[in-house]
Enquirer: 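The structure follows.
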Amino acid sequence: MIAQLVIDGLLTGAVIALGAIGITLGLAILRFANFGYAELMTVGGYAALTAVLAYGGTGAPLGPFSFGGFLAVALAVGLVVTALVAVASDVVVFRPLRRRGAGPLVLIFASFGLALVLRHVVLLIFGTQPEYYSREIQMAVLLPGDVRVMPDQLLVLAITVLALVALWWLLNHTRMGLAMRAVAENTPLARACAIDPEMAIRWTWIVSGALGALAGTLFGLTVQLRPEMGANLLLPLFTAAVLGGVGSIPGAVIGGLLVGLAENLSVLVLPTSYKATVPFLIMLACFLLRPKGLFGK
Amino acid sequence: MMGTLSYLVFFVTVASLFAIATLGLNLQWGFSGQFNAGVVGFMAIGAYTYAALTAPAQHEHVGGLDWPVIAALVAAMAVTALVALAIGLVTIRLRTDYLALATFGIAAAINHLALNLEGITGGGRGIAGIAKPFADLPPLWFGLAFLALAAGALLAVYLLLERLVRSPWGRALRAVREDEVAAAALGKDVDRMRLTAFVIGAAPMGLSGALYAAFIGYVSPYDFLAILTFQIWAMLIVGGSGNNAGAVLGSFVVWALWSLSGIVVVLIVPTKLQVQGGAIQAILIGLLLVAMLIFRPRGLMGERLHSSPLLRDDAAVRH
Amino acid sequence: MTTPLLEIRDLVAGYHRDLPIVTGASLSVAAAEVVALLGPNGAGKSTLMKAVSGLVLVMGGSIRLDGTELVGMPTHQAIAAGIGYVPQVQNVFVTLTIEENLRAGGFAAPRTVRARIAEAYERFPMLAQKRRNLGGELSGGQRQVLAIARALMTQPRLLLLDEPSAGLSPKAAQEVFAAVRGIAAGGVGVLMVEQNVKAGLAASDRGIVLVQGRPVLDGPAASLAGDPRLPRAFLGEQVFAA
Amino acid sequence: MKTRFMLAAASALGLMLAGNAAMAQGAAPSCPIKLGAIIPLTGPQGPIGKPIADTAQLAVEHVNAAGGVKGCPIEMVLRDDTGQPTLGVDAARYLVDVQKVPAIVGVVGSGIATAIVSAVTTSAKVPMVSCCAVTPTLTRLSEEGKTGGYFFRTIPTSRVFAVAHAVAATDRGYKNPVVIYVNNDFGSALLRDLEKAIGTLGGKIAGAIPYNENQPSYRTEVNQALALKGDALILIAFSQDGATLAREWISLGGTQNLVLHNTLRSQDFISAVGARFLTKAAGIDNAQVAGASVDAFNAGFKAKFNRDPVGPGLHTVYDSAVVTALAMQQAATLDGTAIRDALRQVQDPAGEVVVPGVEGIKKSLEAIKAGRKVRYVGATGPFTFDKNGDVTGPALVWKVEDGKLVTDKVIDLEQMTALFKRIGY
């Protein structure tokens with residue numbers, strides 16, 4: 001039972017981790033808690049769904065997985081659309097506010113409003129019923145230790161690791177990555193280096209939008225797509241980002257895994273009906289004990 | 001015409017209840033710069049306290065205490081303030097966006113507790129039969145009497161808070177909001193001031209929740225969802241934070257838009273398409289708020305008592 | 001004097017429109033010249049530097065670099081136009097490695113970055129040794145060196161240094177000043193804010209004393225060092241430009 | 001500053017009055033007759049609310065095609081409560097005060113129904129005929145006289161569901177079912193009744209796991225339920241969560257001996273889970289699907305929407321709208337109290353049996369006009385409001401065959417009453 005809970009915790013934690021990276025980048029570079037970020041996951045998941053619906057499915061299932069090869073194309077569509085939506089939301093909403101010198105709290109509130117709009121646009125277009133990329137149910141495989149895992153979930157884990165490697169490379173070995181890290185640490189100095197902060201901000205939206213789309217699609221793959229899916233994940237995402245320390249990508253990943261683990265293991269001591277409260281308790285404990293997060297500077 | 005009048009009375013009553021909570025938020029945010037994203041949690045505490053003290057015994061444990069209305073209202077405020085004190089002691093040193101996250105989480109946790117602590121809250125069944133003041137009056141008179149109570153409470157809260165923010169303490173509070181370091185250097189105990197403002201600001205939220213419970217006569221966890229926090233914030237932003245009259249005006253305008261847009265959907269959208277109307281309504285409200293932030297950042301009224309404009313534009317230059 | 005490299009005329013600048021801190025300053029810096037900008041606290045020295053690099057509001061006047069107007073240019077364009085700016089504090093990226101700091105410094109000219117980094121390592125061998133260390137791991141003097149090397153990555157014609165010797169030991173300060181002289185010898189104009197009047201003037205060709213947002217003294221470093229008006233200016237007494 | 005405040009306040013007021021004026025124009029004194037409806041169209045309950053609203057509209061169209069009430073067509077005034085009680089109460093207040101509707105139908109959420117009964121309809125003396133609110137709190141309020149008799153519902157209380165679940169499980173020989181139930185008033189009330197019912201019918205619940213709505217994933221809950229090692233799963237869940245739970249349960253190797261709640265009786269659910277995993281599944285619902293009355297509704301629904309009427313609340317909302325319309329026809333005047341009393345008169349056991357559909361409604365409207373007594377037997381089969389406005393109705397057990405929902409068994413009103421006695425409700 002415990003082994004199963006641990007595995008489940010890691011698997012849910014992987015998707016939370018992906019989303020939390022987007023949040024932590026936002027906190028570090030955009031300098032506000034983007035409450036609308038989770039909606040980018042929803043947008044990404046549904047954009048991929050649109051591609052799947054247009055194609056008429058994901059193609060014949062690949063090996064043990066529930067979906068066909070077209071899902072990769074759909075995912076690419078989702079990444080592009082979401083990155084565009086993210087940049088557009090910056091151009092239309094956040095950049096004018098930044099220009100005016102609005103504080104982070106005005107930005108947070110604007111992100112609340114934007115979240116409302118995005119969520120309901122998705123709802124208006126797709127309706128409220130849950131959607132799936134593939135309606136195939138796949139049977140869990142039994143691993144040693146009486147642990148049951150679905151092949152899709154293992155793939156999700158693998159994709160998460162790949163995405164992390166790609167992100168690490170992007171941040172450490174590209175001009176954009178350098179600009180983003182410089183702006184995150186010290187915006188005035190970055191400007192003195194002829195780095196345009198607006199450009200770094202634009203790339204942050206693109207990268208975090210794409211990560212959100214990936215997280216949303218993977219979530220849709222292993223659970224389901226719903227217009228409120230992002231909103232329901234908001235608290236775990238922020239908890240993971242805060243736990244890891246703002247701006248720390250390894251921190252966000254470990255934070256995500258910890259939140260997933262804690263949620264799942266909590267049922268050993270608490271009734272399941274309190275499970276959803278657990279991320280909040282972790283967050284509060286973190287604020288009390290380590291306000292800068294586990295990996296904060 | 002009587003019907004419209006009756007609806008107007010209802011509308012003003014509900015808007016007044018919201019305005020009371022908005023005034024509390026204005027003290028926390030408008031005057032001391034604390035981002036409370038869990039307003040609805042404090043309203044829930046007030047409502048459940050009032051309900052537990054006045055409702056007859058039901059379910060397994062709840063109720064049967066039969067407190068008088070006024071005593072229960074005061075108790076609801078006191079309990080909310082106490083809870084706010086406990087929360088504030090934990091969160092007061094957090095930077096603002098963390099405070100927003102913490103309070104957002106607290107409201108979610110309070111909602112879970114309301115749903116799960118069946119012995120006190122009735123769980124999902126909620127608490128029914130809550131004491132309604134003036135319940136013996138005929139409907140329209142009940143409406144008018146309750147309006148008088150709500151408006152009276154609103155006026156009292158407004159006057160008290162106006163006095164408070166104009167006192168030396170209130171001026172010091174704004175100084176803290178503008179520049180914590182400078183205020184601390186001037187010898188103000190910053191944490192203590194912020195904590196006091198947080199607790200005093202929470203009390204009207206509890207009162208608002210309690211009056212809501214008294215008005216409807218029933219509370220359940222579904223009354224206190226995160227969207228309500230968003231609504232209260234919208235009221236403050238639209239009205240103009242840092243201005244108590246603005247907070248009240250904003251409450252009326254936003255609640256009017258919120259309920260009116262539903263009516264407009266009924267009137268102009270064909271019935272067949274009305275199921276989409278709700279989504280359109282939410283989209284319009286979201287757009288309105290964002291537009292307000294962009295084009296009229298100080299709200300309808302803005303802050304009256306001028307503070308140093310220096311910091312704001314400094315931020316503009318740096319960004 | 002030939003045509004100055006930097007020419008500031010009647011500059012009014014500050015953080016807020018209604019509250020100018022630089023209140024009508026005119027001064028110039030020539031190529032290969034080191035100019036020390038002196039003055040009491042709050043005189044507007046740092047603000048003047050930030051105005052040149054486009055980091056504060058400019059309400060009036062002009063700032064020309066080789067005839068190009070800088071007023072109204074965002075910082076990153078001013079840097080690209082030939083300004084190198086080293087702020088007083090937080091002047092290196094502590095979370096980036098030394099090499100990444102230099103790479104960031106050369107952001108505007110990616111093609112030449114490799115060559116510039118090699119040059120920087122040649123000029124400051126210490127940086128080459130610590131290329132993989134984080135900026136945060138350097139000592140104060142090393143940070144100052146890194147900050148200057150970083151500012152040189154774009155091959156600026158004018159280098160702005162805000163208190164390069166602050167917090168350094170006298171020995172470390174001397175090393176920094178020596179580096180500054182070497183840079184100027186290569187043809188770069190240097191404008192540096194200094195608290196330490198004596199050491200600052202010793203390292204400079206010319207000194208300018210700023211009081212309440214305007215230059216009140218401007219002259220060769222050697223003669224200014226002995227000028228009796230200098231201490232009075234620092235005490236806030238009324239002095240008149242020579 | 002003062003002036004600005006006054007201006008803004010005045011314009012806010014003006015906006016409201018303008019809205020009201022617009023409404024007043026539409027509100028002709030007699031025709032059409034307005035019928036209020038409050039249904040969640042967005043928010044968490046939006047997925048089940050939308051088809052409910054469509055079906056309510058269908059009922060109104062049927063009534064109008066049958067000639068309308070007192071010679072007037074009915075106009076349904078629909079408001080979205082978004083699942084928020086504050087907005088539900090506001091909608092009710094608006095419908096009652098401004099639109100002057102003499103009755104309200106729909107109302108899905110229990111919390112919303114209770115708030116509206118508590119704050120609006122009882123004091124305004126306007127009957128509310130809810131299609132879907134199942135909370136026992138409303139029964140208690142009725143018993144305490146706090147609804148003034150103005151609250152009715154066409155959906156049976158949780159006990160009917162509990163009996164149906166128990167019958168479906170024990171019929172199939174399940175002795176130790178595990179229960180996963182939604183953690184709200186409805187779910188916990190149903191669980192209590194279910195424990196009793198299954199105990200009486202010869203089984204014992206192996207364990208019950210509550211779940212909170214709208215969680216991103218239910219893996220933990222499913223794993224806990226799996227650990228209880230029951231011989232079947234009784235799933236009391238709403239549509240979206242239900243699909244997630246059933247999918248996770250099956251893919252984690254849970255038994256396919258499923259007993260599903262009525263909210264999962266939909267083609268959406270079957271296609272979300274996959275028919276091949278549901279061959280052993282059974283489900284329950286409160287509607288009776290045999291007989292002329294039900295066929296009449298099904299035919300009418302299919303003619304309009306080109307699909308079978310499967311899904312929660314469809315039959316009950318149709319009945320709530322039609323029975324209210326008939327009561328309006330029966331009542332001497334279109335006032336709330338008269339309609340409240342007439343709601344029971346159109347269920348006269350000695351009356352002429354009348355059924356759904358344009359033809360059926362036409363007959364009943366004419367019979368009432370002619371002064372004859374009628375007994376409306378609805379889309380849910382025969383039902384009667386008891387003293388609390390509740391109904392004890394028949395129930396059915398369904399299963400999935402070739403990807404289609406088919407009826408397996410009907411528990412008619414007599415059997416249901418007998419089972420209630422046996423269980424000791």
Enquirer: Side chain, backbone, both or neither: which part of A:M229 has an atom under 4.5 Å from a heavy atom of chain D?
Expert: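 Neither part.
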Enquirer: Rounded to the nearest 0.5 Å, what's the gap from CD on D:E213 to CD on A:E228? Could you check?
Expert: 10.5 Å
Enquirer: With rounding to the nearest 0.5 Å, note down the distance linking CG in D:N212 to OG1 in A:T277.
Expert: 7.5 Å
Enquirer: Measure distances from A:S66 to the heavy atoms of chain D and classify the residue's part below 4.5 Å as side chain, backbone, both or neither.
Expert: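 No part of A:S66 comes within 4.5 Å of chain D.
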Enquirer: Please find the pair of heavy atoms, one from A:R135 and one from D:S271, that lie closest to each other, and give the distance.
Expert: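 Here A:R135 and D:S271 meet closest at CD-O, 2.9 Å.
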Enquirer: Just so I understand: if I count every heavy-atom pair under 4.5 Å between each of A:R119, A:Q153, A:E131 and chain D, which residue has the most?
Expert: A:Q153
Enquirer: Given heavy-atom pairs under 4.5 angstrom as the criterion, report whether the side chain, backbone, both or neither of A:R226 touches chain D.
Expert: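 The side chain, not the backbone.
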Enquirer: Show the nearest heavy-atom pair for residues D:S251 and A:M150, with the distance to one decimal.
Expert: OG-CE, 3.1 Å
Enquirer: Just verifying a value: how many Å separate D:Q224 CD and A:L5 CG, rounded to the nearest 0.5 Å?
Expert: 7.5 Å
Enquirer: With only heavy atoms counted, which part of D:A243 is less than 4.5 Å from chain A, the side chain, the backbone, both or neither?
Expert: both
Enquirer: Keeping to residues at least two apart or across chains, list the side-chain hydrogen bond (donor to acceptor under 3.5 Å, both in side chains) pairs with something in residues 1-12 of chain A.
Expert: A:Q4-A:D8, A:D8-D:N223, A:T12-A:N264
Enquirer: Output the option from D:N183, D:I209, D:L226, D:T244 having the highest count of non-hydrogen pairs under 4.5 Å with chain A.
Expert: D:T244
Enquirer: Is chain A contacted by the side chain of D:F277, its backbone, both, or neither, given a heavy-atom distance below 4.5 Å?
Expert: side chain
Enquirer: Heavy-atom count check: over 12 atoms from other residues, nucleotides or ligands less than 6.0 Å from A:I2 CD1?
Expert: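 Open: at most 12 neighbouring heavy atoms sit under 6.0 Å from CD1 of A:I2.
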Enquirer: Above 12 or not: heavy atoms from other molecules or residues under 6.0 Å from OH of A:Y274?
Expert: yes
